[in-house]
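Sequential numbering from 1 along the given sequence is applied to the chain's residues.
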Amino acid sequence: MASAPSRPMIELTFRGILLGGLITVLFTAANVYLGLKVGITFATSIPAAVISMALLRFVSTSTILENNIVQTIASAAGTLAAIIFVLPGLIMVGWWQGFPYWTTAAVCAVGGILGVMFSVPLRRALVTGSDLPYPEGVAAGEVLKVGAGSREGDVENMRGLKVIVIGSLAAAAYSLAASFKFVAAEAAKNFKIGASASGVSTSWSMALIGVGHLVGISVGIAMFIGMLIAWAVLMPIFTSGVPGELDTVVRTVFRNDVRMIGAGTIGVAAIWTLLKILGPIARGVTSALAASRARAGGQSLDLTERDLPIGIVAGVSVAMLAPIAWLLWDFSTGGPVHDMPLTAIGATLAFVVVVGLVIAAVCGYMAGLIGASNSPVSGVGILAVLVVSLMLVALFGHSEDAERTRALVAYALFSTAIVFSVATISNDNLQDLKTGQIVGATPWKQQFALILGVIFGSLVIPPVLDLLNTAFTFQGAPNAKDTALAAPQAALISSLAKGVLGGDLDWSLIGIGAAIGIGIIALDEILQRTGKLRLHPLGVGMGIYLPMALTLLIPVGALIGHFYDRWAKRTANPEFAERMGVLAATGLIVGESLFGVTFAGIVAATGSDAPLALAPESFAHIAELAAPVAFFGLVWLLYRNTKKLITA
């Protein structure tokens, strides 16, 4: 007697949507607060997956796919909160005094929904049809698989779960010790080189070791070369003869000069990357159209191949243009844009669509390369604000009228905010779809879930921003208090808009970066033809643009992962050994992410930047010496324990 076909697992449920929505609201609020208060945000996909599994494991009908939907919805919290990199600029330039609720929510929502739509055709090109590592997507998928397998008593998954738990405890333990001030959270040393200066820095982040292991040696080398270009070449050149206190000079030159060069490198690398993936994107769109025709003809597709129908994607994308046009019209009332509204708003809509599509592809590629959390979306924001500002200069020219210029700067920032919402969600969506591919999820259900996450996150961002503006204000704003928040990315993007529209931006820095990018692209093509290691141009650009504190440990983690994989290939079961290494790296990301959520809540509750500090300031020197010993000691113990579990 033939066995009955198995019923498909439940996936999109009301309880999953409700749980994902609650996590999104809480994590979005925490991320906005933490991002503006202490300058960092935390990734939310993995913590959401862990929380979902912990709560839904008591429900007998829950499945791995339902947990995946919860993390997909909640992932919007970590990404949409990045709107803080642009919107506070409207306060800084004195255009807004607060954050109008429905306007702010609408900017986040329409941009985020467009980001989802734009990234749908990219799934086939950049997820199923590519070998990009997607470190966070892989980590989230492995967490879900191990959690489901351990629930069913699978021996290998039980071992995997143990590795994840040990890695999580190691990462959380170090983060907790750092918050107690028993060990340093980061290390930095600036130094003189004759009449010049440079520096070395790192944040003692276990998650960066995990990311490095997952992205692999090629990306790690590319980022390391980018760091060398920034700190061994550019910093000594641009600090030569600059007067002032050492730390101030290094910080100022990196922020104002080197990062702009990095943005130029990222820009050229992004254009090149886009040109190289145009073919796969076109094939992805063709495949999506073919799938849509097949479904319309009654043909059944595998669940894992069912995206949102391309007709719905196109229809929703076009429908979003109407509210965007209204938002632009309403925002620009009384300003110079209304001197020629059809031309200006029409050009801005074209900017949102064209630049939004480009950014969706580039951000998706960057997320696949090094992960959504480490992807420099603020660098993409820089390129976007430059484009829209140049467009406004072409339409309206430069003006001696300061108020007219200020109105155009505000319009440029508002337009960039919409595109930035597209960028942040595209940066995240493909990571989620990679997780879905690993666990066998239905893409259209994930895409619908992310739209819900965008809406949930959009509703909570405005009041949190308003609360922070009222309580602290922002540095550089007309009403700034002593407690003003720095919001450095928003300050940089605002200054760029003012520089372009005011006619005093130093374009030579962007040009130097572009020249470096062209050189790296040429070298990468030569290496590719010789069959050697790749030198990813975007990886090099990110190494230049991002602070060394955020990137130095990624190449270290990549090197650790490289030697671990070489060991794994010599074991009796190489595939299992390599997977256990992935799970060890995943544990480091999980532990630090969960601690980040907890710490954000404590910061919000206490209003203190260092609410858990126990050690006195006099202990700081000992904490700095103890940090590398404790950090690498824990990493060594984790990998040693992983090898023991494999060979036991």
Side-chain angles (χ1 to χ4, degrees), residues 46-47 49-50 53-54 133 135-136 138-180 182-183 185 202-217 220 553-596 598 626-648:
I46 293 171
V50 172
M53 288 190 297
E136 290 166 355
V138 169
E142 292 296 343
V143 167
L144 290 168
K145 282 170 62 179
V146 165
S150 63
R151 183 176 175 179
E152 296 164 5
D154 180 85
V155 174
E156 284 196 2
N157 278 317
M158 290 292 285
R159 286 191 186 181
L161 180 60
K162 187 175 182 179
V163 168
I164 287 179
V165 169
I166 293 171
S168 299
L169 290 174
Y174 189 89
S175 296
L176 184 62
S179 67
F180 287 157
F182 294 158
V183 293
T202 187
S203 56
W204 297 115
S205 165
M206 294 276 184
L208 293 179
I209 294 290
V211 167
H213 183 134
L214 295 176
V215 301
I217 195 69
L553 288 183
I554 292 178
V556 173
L559 195 62
I560 291 171
H562 174 69
F563 283 114
Y564 174 88
D565 287 343
R566 286 179 60 179
W567 171 85
K569 285 180 170 62
R570 298 194 298 269
T571 62
N573 188 348
E575 187 176 333
F576 173 64
E578 286 188 19
R579 182 171 178 243
M580 290 287 275
V582 168
L583 293 175
T586 296
L588 296 176
I589 299 171
V590 170
E592 192 164 309
S593 299
L594 288 174
F595 182 84
T598 306
V629 177
F631 185 87
F632 287 111
L634 283 170
V635 172
W636 179 78
L637 284 172
L638 170 65
Y639 280 92
R640 179 171 174 267
N641 179 73
T642 303
K643 290 180 178 180
K644 280 189 173 182
L645 281 171
I646 293 167
T647 56

Here the pair of heavy atoms bringing A577 nearest to T571 is CB-OG1, 3.5 Å

Atom of A626, atom of V183 and distance for their closest heavy-atom approach
CB-CG1, 4.1 Å

Which atom of M580 lies closest to which atom of I646, heavy atoms considered:
CB-CD1, 3.7 Å

Report the distance from atom CG of L208 to atom OG1 of T202, rounding to the nearest 0.5 Å.
7.0 Å

Hey, could you give me the CD1/CG distance between I166 and L588, rounded to the nearest 0.5 Å?
11.5 Å

In terms of heavy-atom contacts, G220 and A558 come closest through CA-CB, 4.0 Å

Test item: S175 side-chain N/O and A172 main-chain N/O as donor-acceptor pair under 3.5 Å:
no

Table please: side-chain donor-acceptor pairs of residues 634-641 below 3.5 Å, with sequence neighbours left out.
unit_1: Y639; atom_1: OH; unit_2: H213; atom_2: ND1; d: 2.8

Non-neighbouring partners of F631 that pass ring-ring contact (aromatic ring centres under 6.0 Å, His included), sequence neighbours left out:
Y174, W204

Spatial distance of atom CG (L553) from atom CG (L559) [nearest 0.5 Å]
12.0 Å

Provide the closest heavy-atom pair for R570 versus R566 in the form atom of the first, atom of the second, distance.
NH1-O, 3.3 Å

CG of L176 to CG of L169, rounded to nearest 0.5 Å, is 11.5 Å

When every non-hydrogen atom of T642 is compared with those of G581, the smallest separation belongs to CG2-N, 4.5 Å

